[in-house]
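Working notes, beginning with the structure itself.
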Amino acid sequence: YKEFLNGLTFVEEGYTASGARYFKAAEDEQYLYYDYDCNGGGNGKKRWIIDENLPDPSQTEDLDQDGACNYHARHNSDDTYGPPTAAVWQIWCGVEWANTILHLDM
């Protein structure tokens with residue numbers, strides 16, 4: 001499910017308010033960014049997110065400004081420097097989250 005995520009090449013677009021870099025896929029309208037709290041509710045986990053929505057770089061949380069944790073994939077992490085390029089990510093498969101190894105090019 002969501003096989004298109006595997007092997008995407010991400011190009012740095014800039015930095016968010018948290019100082020973390022954010023990226024856009026070269027092949028598609030997919031974005032990779034670090035979010036302190038994906039719904040802005042104050043109780044979220046820090047994570048790297050792959051999403052089809054452009055993040056707002058002026059924010060530190062809920063960067064896609066949807067008020068929800070709605071995205072393709074996540075990787076919980078305290079490392080704001082950069083996302084893992086080969087790691088287990090949790091991918092939304094329509095009814096549940098599935099642990100899947102993703103390989104990303106940077």
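All figures in this text were calculated on a predicted structure; none of them were measured in a lab.
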Ring pair (Phe, Tyr, Trp, His ring centres under 6.0 Å) partners of residues 7-27, not counting sequence neighbours, each pair once
none
Return the set of residues passing salt bridge (Lys or Arg N to Asp or Glu O under 4.0 Å) with Glu96 (not counting sequence neighbours), or none when no residue passes.
none
Tell me every residue that passes side chain to side chain contact (heavy atoms under 4.5 Å, CB included) with Asp51, counting only those two or more places apart in sequence or in another chain.
Tyr33, Ile49, Asn53, Asp64, Tyr71
With sequence neighbours left out, what residues match Glu12 under salt bridge (Lys or Arg N to Asp or Glu O under 4.0 Å)?
Arg21
Any donor-acceptor pair under 3.5 Å from Asp37 side chain to Glu61 backbone
no
Listed by chain and number, what are the side chain to side chain donor-acceptor pair (under 3.5 Å) partners of Asp66, not counting sequence neighbours?
none
Side chain to side chain donor-acceptor pair (under 3.5 Å) partners of Ser18, counting only residues at least two apart
Thr16
Report the residues that fulfil side chain to side chain contact (heavy atoms under 4.5 Å, CB included) with Ala17, sequence neighbours left out, ordered by chain and then residue number.
Thr60
Return the set of residues passing side chain to side chain donor-acceptor pair (under 3.5 Å) with Glu27 (not counting sequence neighbours), or none when no residue passes.
Thr9
Could you work out, with side chain to side chain donor-acceptor pair (under 3.5 Å) as the rule, every residue matching His72, not counting sequence neighbours?
Lys2, Gln30
Under 3.5 Å, side-chain donor or acceptor atoms of residues 97-106 against the rest of the protein: list the pairs with distances, not counting sequence neighbours.
none

Between Ser58 and Asp56, does any side-chain donor sit less than 3.5 Å from a side-chain acceptor?
yes
My understanding is that only residues two or more places apart in sequence, or in another chain, count here; which of them pass salt bridge (Lys or Arg N to Asp or Glu O under 4.0 Å) with Lys46?
none
Applying ring pair (Phe, Tyr, Trp, His ring centres under 6.0 Å), can you list everything that pairs with Tyr36, at least two apart in sequence or on another chain?
Tyr34
Could you tell me the separation between the SG atom of Cys38 and the CZ atom of Arg47, rounded to the nearest 0.5 Å?
4.5 Å
